[in-house]
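Bear in mind that the values here come from a model prediction, so they are computed numbers and not experimental data. Heavy-atom basis, side chains included; hydrogens, waters and symmetry copies ignored. In the text below, chain A, chain B and the rest are named by the order of the sequence lines, each starting its count at 1.
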Amino acid sequence: MKLATWNVNSLTVRLPQVLDWLQHPTEALASAPDVLVLQETKTTDDKFPHQAFTDAGYHAQWFGQKTYNGVALLSRTPATDVVRNIPGFEDDMARVIAATVDGVRVIGAYFPNGQAPESDKFVYKMRWLEALQAWVHEQLKQYPQLVLMGDFNITVDDRDVWDPVALAGTIHCTDEERAHFQQLIELGLHDAYRLFEQPEKTYSWWDYREFAFRRNRGLRIDHILISDALKSQVQSCIIDKAPRKNERPSDHAPVIVTLDNTTTHSSPSS
DNA sequence: ATGCCTCAGCTCCTGAGA
């Protein structure tokens with residue numbers, strides 16, 4: 001089972017690239033994912049291009065809004081028990097979509113940016129992170145096989161930052177944000193990317209400005225966390241930089257995890 | 001240099017992203 005996350009920065013603009021990626025997998029992707037969660041669709045639900053995904057062989061669940069935010073979950077097989085946003089947490093932004101696919105609980109999330117430490121948006125980010133953690137804690141009890149993935153807007157450590165000295169303490173790199181990330185890990189989750197040896201200076205986001213991609217000045221802020229119950233099944237986790245080289249690319253690259261759980265539902269019971 | 005790109009929207013500027 002292959003799962004992926006991609007912040008597309010407007011699905012209206014990026015739909016052709018997403019469809020192309022699904023239907024003509026890049027070398028890194030190798031084969032089409034079974035699940036893809038999208039962030040920053042920036043489109044209202046009435047305008048979500050569900051037919052295009054149906055035609056591409058995917059079931060779609062979506063939760064959007066005008067101008068900002070917006071998330072979606074695409075799956076080869078039908079998604080069940082769909083949840084939009086964090087239950088019990090009042091939020092006027094569309095940031096979370098969760099569903100069960102082939103026995104795996106998938107949570108796709110667009111974490112708040114936070115703008116700057118001590119800003120109102122940072123306070124909101126911290127509140128949101130606390131609510132997420134409490135909810136994921138409950139979800140894990142109900143669904144031990146769980147994947148939490150999306151645009152976290154948090155670097156895990158200095159390896160995820162192109163210039164950790166210059167960017168120390170700035171948004172995405174603060175101790176508070178990283179402490180929240182570690183609290184998620186302590187629920188029984190693993191940063192799938194770091195379960196494997198990875199090349200140095202690998203990022204998932206590069207600023208559009210100053211030729212940041214060409215100079216590899218980026219951050220790793222898009223993550224896939226997998227639960228204890230899935231850890232032994234993780235085969236690989238990679239970032240696919242190829243779509244970032246497209247014309248009019250998203251500023252984020254997709255992240256992909258492959259699980260060897262294909263026998264979960266088909267193994268004989270002997 | 002509170003900017004550099006990119007996107008959306010009450011669109012020819014502004015706010016937000018990260």
When the [atom1] atoms of [M] and [N] are compared, how many Å lie between them, rounded to an integer?
N      : M      : atom1 : value
B/dT14 : B/dC4  : P     : 12 Å
B/dG15 : B/dC10 : C1'   : 14 Å
B/dC12 : B/dT2  : P     : 25 Å
B/dA1  : B/dT11 : P     : 33 Å

Assess the side chains of A/S204 and A/Y193: does a donor N or O sit below 3.5 Å from an acceptor N or O? no
Between A/D222 and A/W205, is there a side-chain donor-acceptor contact under 3.5 Å, judged purely by atom types and distance? no
Rounded interatomic separation in angstrom, taking [atom1] from [X] and [atom2] from [N]:
X      : N      : atom1 : atom2 : value
A/K42  : B/dA18 : NZ    : C1'   : 12 Å
A/W205 : B/dC7  : CH2   : P     : 15 Å
A/K66  : B/dT11 : NZ    : C1'   : 13 Å
A/E40  : B/dG17 : CD    : P     : 8 Å
A/D92  : B/dA16 : CG    : P     : 13 Å
A/H252 : B/dT6  : NE2   : P     : 14 Å

Looking for any heavy atom pair under 4.0 Å, which part of the strands does [X] touch: base, sugar-phosphate only, or nothing?
X      : answer
A/K121 : sugar-phosphate
A/D222 : nothing
A/N153 : sugar-phosphate
A/Y110 : sugar-phosphate
A/R14  : sugar-phosphate
A/D151 : sugar-phosphate

Identified side-chain contact (heavy atoms from CB on, under 4.5 Å) counterpart of A/I256 within the set A/T5, A/I238, A/L3: A/I238
Result for ring-ring contact (aromatic ring centres under 6.0 Å, His included) between A/F111 and one of A/F152, A/F181, A/Y124 points to A/F152
Taking the six-membered ring of A/Y110, is NZ or CZ of A/R95 closer than 6.0 Å to its centre and within 45° of its axis? yes
Taking N and O atoms by type only, does the side chain of A/D207 place a donor or acceptor under 3.5 Å from a partner on the base of B/dA18? no
For DNA chain B, whose closest nucleotide is more 5', that of A/N69 or that of A/S10? A/S10
Find which nucleotide of DNA chain B each of A/L11 and A/H172 is nearest to by heavy atoms, and output the residue with the more 5' nucleotide. A/L11
Please state whether the phosphate of B/dC7, meaning OP1 or OP2, lies under 4.0 angstrom from any side-chain nitrogen or oxygen of A/N9. no
